[in-house]
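The next block holds one structure in the form of structure tokens; read it before the comments.
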Amino acid sequence: MSRGRTVIAQGTFDILHPGHVHYLEEAAAMGDELYVIVARKANVDHKEAPVCPASQRRDVVGALEAVDEALLGHEEDIFVPIEEIDPDVIALGHDQHHDADAIRGALEERGVDCEVRRASAREPAADDEILSTRLIIDRIVERRS
């Protein structure tokens with residue numbers, strides 16, 4: 001029996017917001033089963049370190065209806081869980097810093113045959129909706145200072 005199309009999404013997911021939910025729902029729609037790899041603090045080098053611990057971020061992401069399984073990323077080699085899951089699709093967030101062609105090359109070198117797709121952006125549903133963890137944190141700091 002076939003397991004269906006497996007999709008991997010990944011990210012930091014520090015302070016979940018509607019943009020994260022949109023990304024994960026769109027990723028889930030790309031297949032039948034969605035695995036989400038939550039980045040460990042050690043692997044977040046393109047922006048400020050996460051505020052919330054990795055296990056908390058994993059648990060919150062895993063509680064979303066669209067997510068079949070959330071797991072922590074590998075601390076030294078981000079491709080290890082991808083090789084273990086062997087997905088049909090890797091879904092990138094619309095604004096993630098990843099170079100899709102570089103990811104395709106790394107996957108090919110490791111013998112992982114899967115499609116790399118980028119999710120669409122989500123427009124704010126209201127004027128005051130915040131779709132960025134950094135902007136949420138900035139607002140908290142501003143209002144609590």
Side-chain donor/acceptor of His20 to backbone N/O of Ser132, under 3.5 Å
no
Distance-only, no hydrogens or angles: does the Arg118 side chain make a donor-acceptor pair with backbone N or O of Gln96 under 3.5 Å?
yes
Using the side-chain contact (heavy atoms from CB on, under 4.5 Å) criterion, which residues pair with Arg117? Sequence neighbours excluded.
Met30, Val89, Glu115
Examine distances only and state if a side-chain atom of Arg57 and a backbone atom of Thr12 form a donor-acceptor pair shorter than 3.5 Å.
yes
Mind listing the closest non-hydrogen atom pair of Asp88 and Gly4 along with its distance?
OD2-O, 3.5 Å
Give me the atom names and distance for the closest heavy-atom approach of Cys114 to Leu107.
SG-CD1, 3.7 Å
His74 side chain near Ile78 side chain, heavy-atom distance below 4.5 Å:
no
Return the CD to CD1 distance between Gln10 and Ile90, rounded to the nearest 0.5 Å.
8.0 Å
Under 3.5 Å, is there a donor on one side chain and an acceptor on the other for Glu26 and His94?
no
Does a side-chain heavy-atom distance below 4.5 Å link Val116 with Asp101?
no
Under the 3.5 angstrom rule, does the side chain of Tyr23 hit a backbone N or O of Ala91 as a donor-acceptor pair?
yes
Please check if Leu92 and Leu24 belong to a single hydrophobic cluster, counting links between Ile, Leu, Val, Met, Phe, Trp and Tyr side chain heavy atoms closer than 4.5 Å.
no
Mark yes when over 12 heavy atoms from residues, nucleotides or ligands other than Glu129 sit less than 6.0 Å from its CD; otherwise mark no.
yes
Is it the case that the side chain of Arg58 and the backbone of Leu71 share a donor-acceptor pair, with hydrogens and angles ignored and the cut-off at 3.5 Å?
no
Tell me which donor-acceptor pairs under 3.5 Å the side chains of residues 133-145 have, and how far apart each pair is, sequence neighbours excluded?
residue, atom, partner, partner atom, Å
Thr133, OG1, Asp14, O, 2.5
Thr133, OG1, Ile15, O, 3.2
Arg134, NH1, Asp138, OD2, 3.4
Ser145, OG, Val141, O, 2.4

Roughly how far, to the nearest 0.5 Å, is CZ of Phe79 from CD of Glu84?
14.0 Å
Does some side-chain heavy atom of Val36 sit less than 4.5 Å from a side-chain heavy atom of Ile8?
no
Does His17 reach the main-chain N or O of Gly19 with its side chain, forming a donor-acceptor pair under 3.5 Å?
yes
Is there a path from Ile130 to Val21 through hydrophobic residues (I, L, V, M, F, W, Y) whose side chains come within less than 4.5 Å of each other?
no
Can you hop from Val61 to Ile37 via hydrophobic side chains spaced under 4.5 Å?
no
Arg122 bridged to Asp95 by N-O distance under 4.0 Å:
no
Could you give me the CA-CA distance, side-chain angles and deciding distance for Glu83 and Arg110, then say whether salt bridge (charged side-chain N to carboxylate O under 4.0 Å, His left out) is met?
CA-CA 8 Å; Glu83 289 175 311; Arg110 292 166 178 262; 3.4 Å; yes
Using a 4.5 Å cut-off on heavy atoms from C-beta on, say whether the side chain of Val67 contacts that of Tyr35.
no
Shortest non-hydrogen contact between Ala39 and Ala54, atoms and distance:
O-CB, 4.5 Å
Find out whether Pro87 and Arg5 are in side-chain contact, i.e. whether some heavy atom of one side chain is under 4.5 Å from a heavy atom of the other.
no
